[in-house]
Each structure stands twice: as structure tokens, then as C-alpha cells.
Amino acid sequence: MQEVSRGKLGAYLRKLRDGYGYTLREIEEKSEKIGHQIDNSQLSRFEKGQTIPSFEKLKVLAEIFNISIQSFSDIVDLSMYDAYKPLSSDYSKLIREGEIEYNLGNFGMAYAIFERALEVVETLKDEAHRELRIAEARMKIATALKALGRLHMCENELRWVLRNSKNLPVKMNARVLLQLAYVNREFGDFYVATILARECLKLATSEGDTEMQAAILNTLGNIAYDEERFKEAQEHYEEALSLLERMTDKEELKVKVMVNLGGSYISNGLFPKGFTMIDRAFKAARERGYKRTAALALTRMGEAYMSKGQFSMARRCFRDSDMLSDRQEGKYSDILFLNSYRQWEIYRRERNEVQEKIYFRRLKQLRTHIERRFPEVYKFDNFIEKVGKKNENNNH
């Protein structure tokens, strides 16, 4: 396993260097300026998987490539999905298979398949559409990484595409920008996410790309929802659903929008309408095998029951959502965190100190696996900070 990890990390370092167009000597010079030299022969051994860089050297490389040091840990963790990597050398077939697994919520499998597609196309030196296909494969990898919660790695792949792919078709360029909007939204930078999303909406509208328009409206709805502008969120979701109703082959996105719309109805005081919408979405997601969407629908049901003070029913929904989210082939850590946060809230209201402490510990553990910055993460981080300051004051 350690040998696999070394190889995975080495290949990632090589990909980063190639993406920037740096030579081994240039990396050596840049590291020297930072004050912790990595000589070119040493970097070569890292890239070949012969040795593993120290933490200090990883910090230097992270600074040179402008990425989070967490990305190096992530790439090693992702080696667990290598077992899902197919042997096929048919690029188009691999992309289709990866999309199927992605839509079913099997993000780890999708990542492995898209990575194999990239390996295949990179070996085809005389392929007429090689550059475009490399960009496509990297964008697919980015979508899987985002779904797996590896946001920094996702952002790095997307920026590689924009930096290294010339003359991208308008639609692909818009999709890359949309993915960057997703990432910025999940980092909590709603301002940048909104700018990118609105720019994408102009491109999608000019291209007549109805699916992308719906996806962008859903994202704008998510941003408004996170900022507690629930009426505006509802309007975006309704417009997105109206576009998707005309399409027969975009059921996964349609069901996802229905879950979001149902949640916004409830936040706007339309409980029966909202709960009915979420219940319809859950049944459709379960029937079609959309695991993540089904898990999110159950979470939204739990929140709906919470809003009515029906804590027993809420807990049941959160536990059922956990069962769908705690998956060997890729956990939905953000949903698991949200479910635990809601149950922590319930037990605090009920003054059940034992269960409150259990879920508090679970939240602390899950927090280490989350890069997303949604409202509940901010609230939990603020709580931890207040507790820390209170303990510090008591000690003085």
C-alpha cells in the first residue's frame, strides 16, 4: 500500500509540474528562493515514487504550485479507489461509464474511471482531438473530486484546463467556469461564485444549452439559500425546474432541484407543499438509484420534521440518510456532518447531555474531512472557537 501511495503522490507531482510547464531545474530554483531547496535529482525521485517528500518539502511544493498542502494527503487517500479502475482503453466508453457511476452517486468509482480515461487519451499522441479530450477528462475528474469533497484538488484540475487548453468550445469553457462557481460556493465565497454563475448563464443562454441554464439556476438558488434569501432561492429553483420539465433525459438534475425547491418552500412557510415535493423527489431518487440525492432528500425531510418539533421522526430521517451516506466507495461527508449537526441541535434542545456529547464528538471527527464551508460548518466552527476562548479564560 505504501508503494502505491508513493507512486500516486509521485504521479501527482509530475502532473502539477507539467501543468505549469516547469522543468526540474526551475522547481529547484523556486524552492531555493523560498528558503528550503529541493534539488532536481531529489524531485525526480519523488516523481518516480522512489521516496516520499518530508512535510517541510511538501509545504514548499504546495507554495510553488499554489495548492493546499491537504491536496497531497488527499491524493494518497484517493489511492483506495484504484481497485475500481477498469482495464478498458476505449476513451468514449470510459467517459460514458464514469458518467453513469457519477449520476448514481458512486463518486469514487467515477473518479477512478475518469482517471483511466485520462491515462488512455494521454498515450494517444496522434489523436486528432487529443487536447480537447484531455480537457474533457480532467473536467470530469474535477466533478468527481468535488463530489468527493476534495475541493482544492478539484479547483486545481479546473484551473489546469483553463490554463493549458487552447480554443475550448464555448460550451466546455462555460462548464469549467460553472464548476469553478460550484467550488467557490462550497468554499463560502458567494460573491465570486455568483459572478461566475451569472457569466455562465449568459454563455449557456447564448448557446441554447437548457441543461446548463437549469444547473446554473440551481446553483444560484443554492447560494441564495445559504445566505437565507429563501424567496429568491425559491424563484431560482422554480425557474430551473420549469426548464427541466421540458427535458426527458435529465432526471437526476431534475430530482436534485426538486429536493432543493421543497426545502425552500418549507423555509418560506409552505410546509405541506414543500414536504410533498421532497417526498416525491426522494421516491424518484430511490427508484432510479440516485443515492446522494436520496440521502439529501431524507435530510431535508428530517429538517422539515424538526421545524414542526417532531424530533422522533426527524431523527429517523437523519439515521436513514446516514445509512445511504456512509458508503465504502465514497462517504457523503457533508451530508453525514449535516445529519449529526441537526441531531446535536435536537439533543441540546432536549437537554440530553449524554447524546449531545456523543454527537459533538462525531461532529469534531467529521469536521476534519470537510473542506466545504456551508452555514452549519461556520456555526460549528464558531461554537468551537467560543468554547476554546471560554476554557482559556477559565484557566486564567
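Both backbone and side-chain heavy atoms feed into the values below; hydrogens, waters and symmetry mates do not.
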| field | Tyr332 six-ring centre to Arg292 NZ/CZ under 6.0 Å and within 45° of normal | value | yes
| Taking the six-membered ring of Tyr341, is NZ or CZ of Lys379 closer than 6.0 Å to its centre and within 45° of its axis? | no
Lys/Arg N to Asp/Glu carboxylate O, [X] vs [Y], below 4.0 Å:
X: Glu115; Y: Lys85; result: yes
X: Glu245; Y: Lys254; result: yes
X: Arg150; Y: Glu157; result: no
X: Arg25; Y: Glu28; result: yes
X: Glu287; Y: Lys283; result: no
X: Glu207; Y: Lys171; result: no
X: Asp189; Y: Arg185; result: no
X: Lys140; Y: Glu99; result: yes

Give a yes or no answer on whether the side chain of [X] reaches the backbone of [Y] with a donor-acceptor pair at less than 3.5 Å.
X: Asn268; Y: Leu270; value: no
X: Ser264; Y: Leu261; value: yes
X: Ser321; Y: Cys317; value: no
X: Arg300; Y: Gly262; value: no

| task | Give the C-alpha distance, both sets of side-chain angles, the deciding distance and a yes or no for salt bridge (Lys or Arg N to Asp or Glu O under 4.0 Å) between Arg288 and Glu252. | result | CA-CA 8 Å; Arg288 293 173 173 83; Glu252 197 272 339; over 6 Å; no
Using residues 212-220 as the side-chain source, report each donor-acceptor pair under 3.5 Å to any protein atom, sequence neighbours left out, with the distance given to one decimal.
| residue | atom | partner | partner atom | Å |
| --- | --- | --- | --- | --- |
| Gln213 | NE2 | Asp209 | O | 3.4 |
| Asn218 | OD1 | Asn260 | ND2 | 2.9 |
| Thr219 | OG1 | Ala215 | O | 3.1 |

| query | Would Glu350 and Arg315 count as a salt bridge (Lys or Arg N to Asp or Glu O under 4.0 Å) if you check the C-alpha gap in whole Å, the side-chain angles of each, and the deciding distance to 0.1 Å? | reply | CA-CA 13 Å; Glu350 293 180 338; Arg315 279 192 288 262; 3.1 Å; yes
| Qualifying residues under side chain to side chain contact (heavy atoms under 4.5 Å, CB included), relative to Lys57, sequence neighbours excluded | His36, Ile38, Gln42, Phe46, Pro53, Ser54
| Arg342 and Glu376: CA distance, side-chain angles, deciding distance, salt bridge (Lys or Arg N to Asp or Glu O under 4.0 Å) verdict | CA-CA 9 Å; Arg342 293 298 181 224; Glu376 289 73 19; 2.6 Å; yes
| request: Report the residues that fulfil salt bridge (Lys or Arg N to Asp or Glu O under 4.0 Å) with Arg316, sequence neighbours left out, ordered by chain and then residue number. | output: none
| What do the steps show when you test Asp381 against Val377 for side-chain contact (heavy atoms from CB on, under 4.5 Å), and what is the final call? | CA-CA 6 Å; Asp381 287 350; Val377 170; 3.7 Å; yes
Between the side chains of [X] and [Y], is a donor N or O closer than 3.5 angstrom to an acceptor N or O?
X: Ser88; Y: Asp90; answer: no
X: Glu136; Y: Tyr91; answer: yes
X: Glu238; Y: Tyr265; answer: yes

Pairs under 3.5 angstrom only: tabulate donor-acceptor contacts from the side chains of residues 357-366 to other protein residues two or more places apart or in another chain.
| residue | atom | partner | partner atom | Å |
| --- | --- | --- | --- | --- |
| Tyr359 | OH | Gln343 | OE1 | 3.1 |

| Plane angle bin for Phe380 and Trp344 - parallel if under 30°, tilted between 30 and 60°, otherwise perpendicular | perpendicular
| said: Going by ring pair (Phe, Tyr, Trp, His ring centres under 6.0 Å), name the residues that satisfy it together with Tyr378, two or more places apart in sequence or in a different chain. | reply: none
| query | With side chains defined as the heavy atoms from C-beta onward, is the minimum distance between Pro169 and Leu132 less than 4.5 Å? | reply | yes
| said: Enumerate the ring pair (Phe, Tyr, Trp, His ring centres under 6.0 Å) contacts for residues 209-260, please, sequence neighbours excluded, ordered by first and then second residue. | reply: Tyr225-Phe230
| query | Quick one: are the ring centres of Phe187 and His152 less than 6.0 Å apart? | reply | yes
| field | salt bridge (Lys or Arg N to Asp or Glu O under 4.0 Å) between Glu63 and Lys30, intermediate numbers included | value | CA-CA 10 Å; Glu63 184 174 343; Lys30 290 179 181 296; over 6 Å; no
